[in-house]
Amino acid sequence: MDFLSPIVGTVTGIEMAQWKDIIIFTLKVFIFLVPFVAFGLLVEKDIIRVPMLNRVVKTLVVFLFFLPVFLFGILNYIAPGMPDAFWGNHLILEEFWLMEGTWPPVILSGLVFLYLVLYLMETLRGDLSS
């Protein structure tokens, strides 16, 4: 058992004392996600039997979750070219500039946009149950 700490630290780069913080953070994320999972199970029904108005409402809910992630990717794409005056006026946005390079934000925004388009196509056609 004395050899476990150095092996785990070497493989992961994480000290054994940090695992407690990682596990606590993971549990917090899990507890935060449980209500959303329960809400999704209660709301999700067979899409063929759902009226068009309810399909539109479900699409708007998906759009509300899509928009922040998409805008986060756009912000991270254009952030390197923004002048310092912009960051001085919008200090809160500087905390959201996390991604380095141009490809990660483009891929994130593209994947989220692709998910929205596929969801819209399936929902409006009524193929979500297949």
Side-chain angles (χ1 to χ4, degrees):
M1 238 13 204
D2 292 336
F3 297 111
L4 186 59
S5 279
I7 292 172
V8 171
T10 302
V11 171
T12 63
I14 299 172
E15 305 266 340
M16 287 305 285
Q18 294 172 329
W19 281 105
K20 177 185 172 192
D21 295 332
I22 293 170
I23 290 172
I24 289 173
F25 179 76
T26 304
L27 289 175
K28 286 180 183 178
V29 169
F30 178 74
I31 290 171
F32 176 75
L33 289 178
V34 166
F36 292 104
V37 171
F39 180 71
L41 291 175
L42 292 175
V43 171
E44 189 63 39
K45 296 177 185 172
D46 190 5
I47 198 72
I48 292 175
R49 294 188 217 129
V50 175
M52 189 59 155
L53 178 65
N54 290 359
R55 291 182 194 180
V56 171
V57 169
K58 291 173 99 175
T59 302
L60 289 176
V61 169
V62 168
F63 185 74
L64 286 176
F65 284 96
F66 151 82
L67 193 60
V69 178
F70 184 74
L71 292 177
F72 174 75
I74 296 296
L75 173 71
N76 279 276
Y77 180 73
I78 64 172
M82 300 298 282
D84 291 335
F86 174 80
W87 297 114
N89 293 335
H90 302 91
L91 295 174
I92 192 75
L93 289 179
E94 191 170 11
E95 296 179 15
F96 291 106
W97 180 17
L98 303 173
M99 298 181 194
E100 293 293 330
T102 57
W103 284 109
V106 168
I107 291 172
L108 174 68
S109 296
L111 286 175
V112 172
F113 184 74
L114 179 66
Y115 173 80
L116 179 70
V117 168
L118 291 175
Y119 186 85
L120 285 173
M121 288 179 5
E122 290 176 351
T123 303
L124 295 179
R125 283 188 311 192
D127 294 340
L128 205 59
S129 64
S130 60

Q: Under 4.5 Å between any side-chain heavy atoms of V112 and L108, yes or no?
A: yes
Q: If you measure from CD1 on I92 to CH2 on W87, what distance do you get to the nearest 0.5 Å?
A: 11.5 Å
Q: I'd like to check the ring-ring contact (aromatic ring centres under 6.0 Å, His included) partners of Y115; sequence neighbours left out, ordered by chain and number.
A: none
Q: Identify, with sequence neighbours excluded, every residue that meets side chain to side chain contact (heavy atoms under 4.5 Å, CB included) alongside L71.
A: L67
Q: Can you get from L118 to L64 by hopping between Ile, Leu, Val, Met, Phe, Trp and Tyr side chains that sit under 4.5 Å apart?
A: no
Q: Tell me every residue that passes side chain to side chain contact (heavy atoms under 4.5 Å, CB included) with V34, counting only those two or more places apart in sequence or in another chain.
A: F30
Q: How would you list, by chain and number, every residue that makes a side chain to side chain contact (heavy atoms under 4.5 Å, CB included) with F65, sequence neighbours excluded?
A: F36, V61
Q: Please give the remaining members of the hydrophobic cluster of L27, linking ILVMFWY side chains under 4.5 Å, ordered by chain and number.
A: I23
Q: Apply the hydrophobic cluster definition, ILVMFWY joined by side-chain contacts under 4.5 Å directly or through others, and give me every member besides V57.
A: none
Q: Determine whether L114 and V62 fall in the same hydrophobic cluster, where Ile, Leu, Val, Met, Phe, Trp and Tyr are linked whenever their side-chain heavy atoms lie under 4.5 Å apart.
A: yes
Q: Just jot down the side chain to side chain contact (heavy atoms under 4.5 Å, CB included) partners of T59, sequence neighbours excluded, or say none.
A: Y119, L120, T123
Q: With sequence neighbours excluded, tell me which residues meet ring-ring contact (aromatic ring centres under 6.0 Å, His included) with F66.
A: F63, F70
Q: May I ask you to list the residues sharing a hydrophobic cluster with L60, side-chain cutoff 4.5 Å, ordered by chain and number?
A: V56
Q: Please list every donor-acceptor pair under 3.5 Å in which a side-chain atom of residues 73-85 meets a protein atom from a residue at least two apart or in another chain.
A:
from, atom 1, to, atom 2, distance (Å)
N76, OD1, L98, N, 2.8
N76, OD1, M99, N, 3.0
N76, ND2, F72, O, 2.8
N76, ND2, F96, O, 3.1

